[in-house]
Visitor: 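Just dropping this structure here.
Numbers here simply count residues along the sequence, with the first being 1. What you are looking at is a predicted structure, and each value in this text was computed from that prediction instead of being measured.
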Amino acid sequence: MSIRHLVKARRGAAAVVAVVFAVTLAGCGGEGKQKQPQQSATPQSKDSGSPAPAPSAEKSSEPAKILATAEGASGMALVINSMQRDPGGFLTVNGQIKNTGSESFTSTSAWRGIELKGAGESVAGATLVDKVGKKRYYVLRDTEARCLCTTGISSVGPGQVIPFFAQFPAPPVSTSEVEFSLPTFATATVKISG
């Protein structure tokens, strides 16, 4: 009789452990999904926030800090306004892509790099090079292989200015300067702030 109760108790305990495990996994899965949009939302809100409030774009063109500039093909220009270390061990680059030419620039597919999933336009082809540490850093990607960078740039019209951002793993704190590269633009040497 006691063996029968012992077997029932073990089955009950196993069921409770299975339920707790399933709830924990579901909680972890949901938490990961929440973190992913938060990471994407923060950079995207910067990206989508810049076009909405025109004053921030105007501030960028007037007295904004310019850390570096690089000339590109067909009258394109790249301006880096900030390159800051984030508390999570990331380095976020913010800037603008400008078309100073008289024709629309449509060769943006070179900027996207090698997309692991999907075929959208982006600036995922950007890289950072730490010459002292002899390392190259690529744009970070989320758990679904989407870049943590500006997306959706299929062309840049004449006179158009498009804000962009890209997040990278942060180089060591001892690294104070990196080279920023985006295909079709010259390489720019930039000091890291923060």
Side-chain angles (χ1 to χ4, degrees), residues 42-44 46-47 50 56-57 59-86 88-116 118-142 145-194:
T42 301
Q44 287 175 354
K46 288 179 188 175
D47 183 39
S50 294
S56 69
K59 286 180 187 173
S60 298
S61 60
E62 287 176 14
K65 195 178 221 180
I66 296 177
L67 300 179
T69 59
E71 291 190 22
S74 304
M76 297 298 292
L78 179 119
V79 176
I80 297 176
N81 300 114
S82 70
M83 183 176 284
Q84 287 191 297
R85 295 178 189 275
D86 296 330
F90 307 112
L91 186 89
T92 303
V93 178
N94 287 292
Q96 301 172 357
I97 296 172
K98 301 178 180 183
N99 185 346
T100 62
S102 59
E103 294 183 17
S104 220
F105 184 80
T106 57
S107 300
T108 61
S109 60
W111 300 345
R112 71 178 176 199
I114 301 170
E115 294 294 338
L116 301 178
E121 293 90 0
S122 69
V123 293
T127 59
L128 295 178
V129 174
D130 173 4
K131 290 180 96 175
V132 175
K134 297 182 181 178
K135 283 192 175 182
R136 180 182 304 265
Y137 297 91
Y138 295 93
V139 174
L140 290 169
R141 297 186 181 271
D142 66 13
R146 294 177 299 214
C147 75
L148 298 179
C149 66
T150 299
T151 59
I153 306 172
S154 58
S155 67
V156 185
Q160 188 176 8
V161 178
I162 297 177
F164 80 92
F165 80 93
Q167 269 193 332
F168 298 88
V173 178
S174 59
T175 300
S176 61
E177 189 175 83
V178 291
E179 288 184 345
F180 178 86
S181 294
L182 182 66
T184 74
F185 290 96
T187 300
T189 302
V190 189
K191 289 198 179 285
I192 299 172
S193 56

Visitor: For Tyr137 and Asp130, which heavy atoms make the closest approach, and how far apart are they?
Guide: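 Minimum heavy-atom separation between Tyr137 and Asp130: CE1-CB, 4.0 Å.
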
Visitor: Indicate yes or no: at least one non-hydrogen side-chain atom of Glu177 is less than 4.5 angstrom from one of Thr189.
Guide: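 Touching, per the 4.5 Å side-chain cut-off.
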
Visitor: Rounded to the nearest 0.5 Å, how far does CZ of Phe168 lie from CG of Leu91?
Guide: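 Rounded to the nearest 0.5 Å, the CG-CZ separation comes to 7.5 Å.
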
Visitor: Which value, rounded to the nearest 0.5 Å, describes the distance between Ile97 atom CD1 and Leu182 atom CG?
Guide: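 Between atom CD1 of Ile97 and atom CG of Leu182 there are 6.0 Å.
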
Visitor: From Thr92 OG1 over to Phe90 CZ, what is the distance, rounded to the nearest 0.5 angstrom?
Guide: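 The OG1 atom of Thr92 sits 8.5 Å away from the CZ atom of Phe90.
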
Visitor: Specify the closest pair of heavy atoms between Thr100 and Ala77, including all atoms of both residues, with the distance to one decimal.
Guide: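 For Thr100 versus Ala77, the nearest heavy atoms are CG2-CB, 4.5 Å.
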
Visitor: Quick one: does Lys98's side chain get under 4.5 Å of Val79's, heavy atoms only?
Guide: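 Lys98 reaches Val79 side chain to side chain.
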
Visitor: Taking CD in Glu71 as the centre, count heavy atoms belonging to other residues, nucleotides or ligands within less than 6.0 Å. Is the count above 12?
Guide: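 No - once you tally the heavy atoms of other residues, nucleotides and ligands closer than 6.0 Å, there are 12 at most.
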
Visitor: Please report the shortest heavy-atom distance between Ala170 and Arg85, naming the atom on each side.
Guide: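 Closest approach of Ala170 to Arg85, heavy atoms only: CB-NH1, 3.9 Å.
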
Visitor: Restricting to non-hydrogen atoms, name the atom on Phe185 and the atom on Ala70 that form the minimum distance, rounded to 0.1 Å.
Guide: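 Smallest interatomic distance, heavy atoms only, reads CD2-O, 3.8 Å.
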
Visitor: Decide whether Ser181 and Thr187 meet the rule of one side-chain donor and one side-chain acceptor closer than 3.5 Å.
Guide: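 There is such a pair (donor and acceptor under 3.5 Å, judged by atom type) between the side chains of Ser181 and Thr187.
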
Visitor: Using a 4.5 Å cut-off on heavy atoms from C-beta on, say whether the side chain of Pro163 contacts that of Asn94.
Guide: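 A side-chain contact under 4.5 Å is absent here.
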
Visitor: Could you tell me whether Glu121 and Arg112 have a side-chain N and a carboxylate O separated by less than 4.0 Å?
Guide: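 Salt bridge absent between Glu121 and Arg112.
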
Visitor: Do Ile80 and Thr69 have side chains that get closer than 4.5 Å, going by heavy atoms?
Guide: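 Sidechains of Thr69 and Ile80: no contact.
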
Visitor: With rounding to the nearest 0.5 angstrom, report the CD1 to OG distance, Ile192 to Ser82.
Guide: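 Rounded to the nearest 0.5 Å, the CD1-OG separation comes out at 12.0 Å.
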
Visitor: Test your reading of the model: is there a side-chain donor-acceptor pair from Ser155 to the backbone of Ser104, 3.5 Å cut-off?
Guide: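 Answer holds: no.
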
Visitor: Are Met83 and Val178 side-chain neighbours, meaning at least one heavy-atom pair lies under 4.5 Å?
Guide: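 They are in contact (side-chain heavy atoms under 4.5 Å apart), so the answer is yes.
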
Visitor: CD/Glu179 to OG1/Thr127 distance, rounded to the nearest 0.5 angstrom?
Guide: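 Glu179 CD to Thr127 OG1: 9.0 Å, rounded to 0.5 Å.
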
Visitor: Hey, mind stepping through Tyr138 and Leu128 against side chain to side chain contact (heavy atoms under 4.5 Å, CB included) and telling me if it holds?
Guide: CA-CA 7 Å; Tyr138 295 93; Leu128 295 178; over 6 Å; no

Visitor: How close do Asn99 and Ser74 get, heavy atom to heavy atom, and via which atoms?
Guide: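 Smallest heavy-atom distance, with atoms named: OD1-O, 4.2 Å.
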
Visitor: Would you say that Lys65 contacts Leu67 through its side chain, given a criterion of any heavy-atom pair below 4.5 Å between the two side chains?
Guide: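 Touching, per the 4.5 Å side-chain cut-off.
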
Visitor: Work out which heavy atom in Ser102 is nearest to a heavy atom in Pro158; give both atom names and the distance.
Guide: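 Closest approach of Ser102 to Pro158: O-CG, 3.6 Å.
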
Visitor: Backbone N or O of Phe165 within a donor-acceptor pair of the Thr150 side chain at under 3.5 Å?
Guide: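 Confirmed, Thr150 side chain pairs with Phe165 backbone.
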
Visitor: Could you tell me if the ring centre of Trp111 sits under 6.0 Å from that of Phe164?
Guide: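 When the ring centroids of Trp111 and Phe164 are compared, they turn out to be at least 6.0 Å apart.
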
Visitor: Kindly compute the distance separating NZ (Lys131) from CZ (Arg136), expressed to the nearest 0.5 Å.
Guide: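 Reported to 0.5 Å precision, the distance equals 11.0 Å.
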
Visitor: Is there a side chain to side chain donor-acceptor pair (under 3.5 Å) between Asp86 and Gln167 once you walk through the steps?
Guide: CA-CA 9 Å; Asp86 296 330; Gln167 269 193 332; 3.3 Å; yes

